[in-house]
Protein chains: 2
Amino acid sequence: MEEDQLLLENQVCFPIYSVSRLITKAYQPHLDKMGITYPQYLVLMVLWEKDKLPVNSISKQLMLKTNTLSPLLKRMEKMELLERRRSPQDERSVIVELTKKGLKLKNMAKPIPGELVNILLKENIQLSEVIQLKNILNEWIEILSKNNKD
Amino acid sequence: MEEDQLLLENQVCFPIYSVSRLITKAYQPHLDKMGITYPQYLVLMVLWEKDKLPVNSISKQLMLKTNTLSPLLKRMEKMELLERRRSPQDERSVIVELTKKGLKLKNMAKPIPGELVNILLKENIQLSEVIQLKNILNEWIEILSKNNKD
DNA sequence: TAAGTTTATATCGTGCACGACACAAAATTA
DNA sequence: TAATTTTGTGTCGTGCACGATATAAACTTA
């Protein structure tokens with residue numbers, strides 16, 4: 001019984017890990033056109049929604065620590081997608097702001113989410129199933145984050 | 001409408017990506033006791049189920065290419081968890097076999113899956129929900145792999 | 001105000017993932 | 001059998017993730 005749980009086939013964790021990588025791959029061709037990676041796309045989505053945010057705020061939304069974000073943001077600055085500058089109010093804080101180039105990519109990105117959903121719909125996946133999955137996952141995020149206090 | 005889809009909050013992909021990382025973190029303390037990482041744990045699970053497999057077979061089961069697996073397996077060989085040796089039948093093929101140390105870890109690993117499930121049950125997540133999630137994800141794996149022919 | 005603490009960001013080292021490419025053994029075809 | 005293609009594994013370079021640690025600014029407290 002405990003034995004069965006050690007079968008790859010019976011684990012939930014492994015499918016999550018696999019689907020996560022497969023989705024990144026599904027995004028790849030679209031992101032390639034924009035010359036960005038999936039984590040960079042996530043940063044852009046945050047900033048498209050609300051610009052001029054401190055690293056801190058991006059960190060919380062994406063649940064990525066600054067030791068991951070700092071180099072990522074630096075790369076994006078080198079690509080001229082955004083600019084980083086110390087806040088005058090609080091010299092510890094770094095404010096991230098999109099450049100025109102970074103803002104412009106939003107138009108290219110608009111069709112992307114729909115195209116992934118189309119792949120699923122084409123295979124007779126119900127939209128309700130997508131919503132349901134999203135709800136379950138968000139519930140899990142809450143629980144697993146709690147168990148992992150930052 | 002297309003605009004809304006670009007909100008982080010409305011994406012399914014982001015929660016999958018987050019939960020995947022959170023689960024790895026939840027496993028971490030247990031894996032630390034064994035001195036291994038999550039991908040290494042996955043390799044062990046494959047070999048605990050059936051030992052003496054070519055890299056190829058592990059690659060397919062974990063959906064990881066050999067350029068990821070080769071260094072991973074080499075690290076595990078250095079840790080004396082497994083041994084790699086060319087197949088006499090087909091000199092191209094490398095057979096991976098667990099050492100005693102690698103086999104022994106199975107006992108330590110047995111309680112792990114149950115403990116993660118316990119975290120969820122403690123928060124009133126139904127076991128049926130876990131099964132349901134697993135089924136949806138396996139369906140998606142099938143679809144997304146098809147769209148991404150190796 | 002001086003000393004200690006917290007906060008915001010960053011550096012460093014390690015281990016995945018993966019695309020591009022290399023290479024030898026095996027299989028196929030001419 | 002010789003030439004070509006396929007197969008199985010590997011190296012290399014890049015970009016995450018993340019634990020441990022560093023550092024300076026801001027805040028708290030004595």
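Numbered from 1 within each chain, the chains take letters A, B, ... in sequence-line order. Because only heavy atoms are used, hydrogens play no part in the values below, and waters and symmetry mates are left out as well, while side chains stay in.
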Whole-Å distance separating the CG atom of A/Leu64 from the P atom of C/dA8 | 17 Å
Classify the nucleic acid contact of A/Leu72 as base, sugar-phosphate or nothing, counting any heavy atom under 4.0 Å across all strands shown.
-> sugar-phosphate
Quick one: A/Glu91 CD to C/dA10 C1', roughly how many Å, whole number?
-> 15 Å
Could you tell me whether the phosphate oxygens of D/dC16, OP1 or OP2, come under 4.0 Å of any side-chain nitrogen or oxygen in A/Thr37?
-> yes
Give a yes/no on whether any side-chain N or O of A/Ser93 is located under 4.0 angstrom from OP1 or OP2 of C/dT9.
-> yes
Let me know the distance between CG of A/Leu31 and C1' of D/dC16, rounded to the nearest Å.
-> 14 Å
Answer with base, sugar-phosphate or nothing: what part of the nucleic acid does B/Pro54 contact at a heavy-atom distance below 4.0 Å?
-> sugar-phosphate
Whole-Å distance, B/Tyr38 OH to D/dC16 P, equals 22 Å
Could you check whether the rings of A/Tyr38 and B/Tyr17 sit parallel, tilted or perpendicular, using 30° and 60° as the cut-offs?
-> perpendicular
Contact nearer the 5' end of DNA chain C, comparing A/Thr66 with A/Arg21 | A/Thr66
Just wondering, are more than 12 heavy atoms of other shown residues or ligands nearer than 6.0 Å to CD in A/Glu142?
-> no
Presence of donor-acceptor pair under 3.5 Å, side chain of B/Asn67 and base of C/dG19 | yes
Proximal nucleotide (of D/dC18, C/dC16, C/dA17) relative to the B/Lys25 side chain = D/dC18
Spacing between B/Arg92 atom CZ and C/dA25 atom P, to the nearest angstrom | 10 Å
Considering just the side-chain nitrogens and oxygens of B/Arg75, establish if one lies under 4.0 Å of OP1 or OP2 belonging to C/dC16.
-> yes
Any side-chain N or O of B/Lys65 less than 4.0 Å from the OP1 or OP2 oxygen of C/dG19?
-> yes
Looking at A/Gln40, does any N or O in its side chain come under 4.0 Å of the phosphate oxygens OP1/OP2 on D/dC16?
-> yes
Should B/Ser70 and B/Lys74 count as side-chain neighbours, where that means a heavy-atom distance under 4.5 Å?
-> no
Report yes if the side chains of A/Gln132 and B/Gln132 come closer than 4.5 Å at any heavy-atom pair, otherwise no.
-> yes
Between CD of B/Gln89 and C1' of C/dA26 the distance, given in whole Å, is 13 Å
Would you call B/Gln61 and B/Leu53 a side-chain contact if the rule is heavy atoms closer than 4.5 Å?
-> yes
Quick one: is D/dG10 close enough that its OP1 or OP2 comes under 4.0 Å of any side-chain N or O from B/Lys74?
-> no
Atom NZ of B/Lys78 and atom P of C/dT14 are separated, to the nearest Å, by 11 Å
Is B/Thr68 near enough to C/dA17 that one of its side-chain N or O atoms lies under 4.0 angstrom from OP1 or OP2?
-> no
Of B/Asp90 and B/Tyr17, the one whose nearest nucleotide on DNA chain D sits closer to the 5' end is B/Asp90
Decide if atom CD of B/Glu80 counts as having more than 12 heavy atoms of other residues, nucleotides or ligands within a radius under 6.0 Å.
-> no
Please tell me which of A/Leu22 and A/Val55 maps to the more 5' nucleotide of DNA chain C, matching each residue to the nucleotide holding its nearest heavy atom.
-> A/Val55
Assign each of B/Asn56 and A/Ser87 the nucleotide of DNA chain D bearing its closest heavy atom; nearer the 5' end lies the nucleotide of B/Asn56
Rounded to whole angstroms, how far apart are CD1 on B/Ile58 and P on D/dG10?
-> 10 Å
